[in-house]
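Letters A, B, ... mirror the listed sequences (proteins, then strands); counts begin at 1.
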Number of protein chains: 2
Amino acid sequence: MSSSEISAATVGRLPAYLRALIELAGDESATVSSDHLAELVGVNPATVRRDLASLRITGTRGVGYDVKYLVFEISVELGLNQEWPVAVIGAGNLGRALANYAGLTERGFPIRCLFDTDQAKIGTEVAGIPVRHLDDLAGTVAELGIAVGVIATPADGAQEVADALVSAGIGSILNFTAHPIIVPDRVVVRRVDIATELQILSFYQQRGVGTSTGTGVPLEVR
Amino acid sequence: MSSSEISAATVGRLPAYLRALIELAGDESATVSSDHLAELVGVNPATVRRDLASLRITGTRGVGYDVKYLVFEISVELGLNQEWPVAVIGAGNLGRALANYAGLTERGFPIRCLFDTDQAKIGTEVAGIPVRHLDDLAGTVAELGIAVGVIATPADGAQEVADALVSAGIGSILNFTAHPIIVPDRVVVRRVDIATELQILSFYQQRGVGTSTGTGVPLEVR
DNA sequence: TAGATTGTTAATCGATTAACAATC
DNA sequence: TAGATTGTTAATCGATTAACAATC
């Protein structure tokens with residue numbers, strides 16, 4: 001399908017475009033040029049035009065792109081016109097921090113359930129979110145329509161949890177542990193590894209410092 | 001200097017190489033071929049050889065690379081032969097989760113202090129780590145030799161905190177907020193943005209699913 | 001019409017990979 | 001010597017960017 005034209009690099013920039021556009025919309029800007037948007041996000045204007053063209057988003061020559069239309073279209077591309085209920089596996093410090101982070105619900109990723117294997121935690125609530133036993137994962141995924149699983153357990157449990165998520169029918173996994181996980185092709189995985197980020201920082205710090213980017217994408221304005 | 005030959009892509013793979021090598025060392029493997037290491041990390045063997053060559057790490061033709069030597073050299077490149085004391089700004093749920101994550105100290109990134117502006121928290125401890133007022137940042141950075149600052153505050157405080165870290169002389173910042181920060185060239189920033197990661201997941205989930213990689217690098221074995 | 005800005009082609013750049021001579 | 005594997009060249013691939021005709 002046409003979707004194959006959208007590169008991973010483009011997808012990685014979409015959240016940054018959206019964030020900049022939402023601020024522009026607040027400023028009541030009706031249109032935005034590729035030059036302006038590029039400057040806000042820290043990329044080349046031609047890259048912006050190419051990215052938008054790959055999404056079949058068109059602007060108006062001599063004028064620019066309609067901000068509201070851009071926000072709408074990019075949101076649709078990112079699936080933000082619907083909710084993606086999240087389950088967090090691991091009700092430790094990280095799991096509780098995620099549960100307490102209201103920003104996720106605001107952005108369409110409400111955490112609906114926490115899972116753990118510690119009997120003392122089962123049946124309690126964290127920030128109003130129930131904690132259930134990992135054995136109840138499959139049933140809960142079906143019951144609550146969970147779309148995304150977040151692995152927030154100790155590293156040595158990561159693969160086991162990933163397997164459980166996969167058998168429960170989950171198609172998207174965010175892995176916070178230091179260990180890579182192996183999943184079938186149909187499942188999409190991203191990893192957030194704090195220790196790796198720190199190691200990359202120390203590499204550049206130790207040398208004269210080049211500039212490093214976040215998340216593999218130039219998200220930081222220079 | 002010679003350092004300019006090392007690409008950001010190579011740097012991003014170093015932590016994954018190191019992780020695989022440490023497991024191999026545990027298996028008492030004395031040497032490893034580029035083929036084997038490539039398979040463990042999920043990259044092409046030629047990429048492994050090219051990456052190592054760019055670090056001036058040599059192997060032995062017909063034999064492979066010495067595992068202990070690789071571990072040592074890559075560790076040195078990543079600055080892991082020394083400690084990088086960390087300060088976490090924000091003693092909320094995320095800050096406390098980080099403080100309780102022993103993995104960071106084990107990997108050479110001990111959290112030495114938390115900072116907040118909530119008087120009720122100042123003077124308390126989290127997992128044995130003191131919480132001080134943000135006003136004391138510069139003094140504490142000097143006193144404890146802090147090398148890395150982690151921004152774990154609400155998003156709207158990110159730039160202000162970044163400015164404070166920069167004036168305190170910090171050269172490496174890990175930003176957990178949804179907002180990009182602007183810093184001088186000498187400062188290295190990486191960002192971990194959970195909402196962005198989830199948006200990228202939902203993009204792929206919504207479509208037939210391609211495969212996405214974590215951290216901008218193919219860290220997940222397929 | 002004159003100025004602005006898109007949409008897209010062609011050039012460039014950088015990273016990946018195949019292939020193979022060198023050599024252990 | 002025969003087999004294995006590196007180190008590196010050259011080819012390939014994909015992404016970025018300059019440039020500009022199209023057109024609002």
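- Here B:Ser33 does not reach the OP1 or OP2 of D:dT5: none of its side-chain N or O atoms lies under 4.0 Å away.
- Between the CZ atom of A:Arg13 and the C1' atom of D:dA15 there is a distance of 8 Å, given to the nearest Å.
- A:Arg112 has a carboxylate O that lies under 4.0 Å from a charged side-chain N of A:Glu83, or vice versa, which qualifies the two as a salt bridge.
- For the side-chain contact (heavy atoms from CB on, under 4.5 Å) test with A:Val67, the passing option among A:Ile22, A:Val32, A:Leu37 is A:Val32; the others fail.
- The phosphate of C:dT6 (OP1 or OP2) has no side-chain N or O of A:Thr60 nearer than 4.0 angstrom.
- A salt bridge does not link A:Glu77 to A:Arg56: none of the charged side-chain nitrogens sits closer than 4.0 Å to a carboxylate oxygen.
- Among the protein residues, B:Ser34 comes within range of the sugar-phosphate backbone only, with heavy atoms under 4.0 Å from sugar or phosphate atoms but none that close to a base.
- Within a 6.0 Å sphere centred on CD of B:Gln82, heavy atoms belonging to other residues, nucleotides or ligands number more than 12.
- For B:Asn44 and D:dC13, the CG to C1' distance is 13 Å, given to the nearest whole Å.
- Along DNA chain D, the nucleotide nearest A:Ala8 and the nucleotide nearest A:Val63 are compared for position; the residue whose nucleotide lies closer to the 5' end is A:Ala8.
- With D:dG7, D:dA19, C:dA18 as the choices, the nucleotide that has an atom nearest any side-chain atom of B:Ala46 turns out to be C:dA18.
- Atom P of nucleotide D:dT8 and atom CD1 of B:Ile57 are separated by 14 Å, given to the nearest angstrom.
- As judged by a 4.0 angstrom heavy-atom cut-off over every strand, A:Thr10 is placed among residues making no nucleic acid contact.
- Looking at A:Arg50, its side chain comes within 3.5 Å of the base of D:dT17 through a donor and an acceptor atom.
- Side-chain proximity of B:Tyr65 to D:dC24, D:dG7, D:dT16: nearest is D:dG7.
- Side-chain polar atoms of A:Ser33 and A:Asp35 form no donor-acceptor pair below 3.5 angstrom.
- Remark on DNA chain D: of its neighbouring residues A:Asp51 and B:Gly62, the 5'-side contact belongs to B:Gly62, judged by nearest-heavy-atom nucleotide.
- For B:Ala9, the side-chain atoms get nearest to C:dA15 when compared with the rest of C:dA18, C:dC24, C:dA15.
- Side-chain N/O atoms of B:Arg61 and base N/O atoms of D:dT6 include a donor-acceptor pair closer than 3.5 Å.
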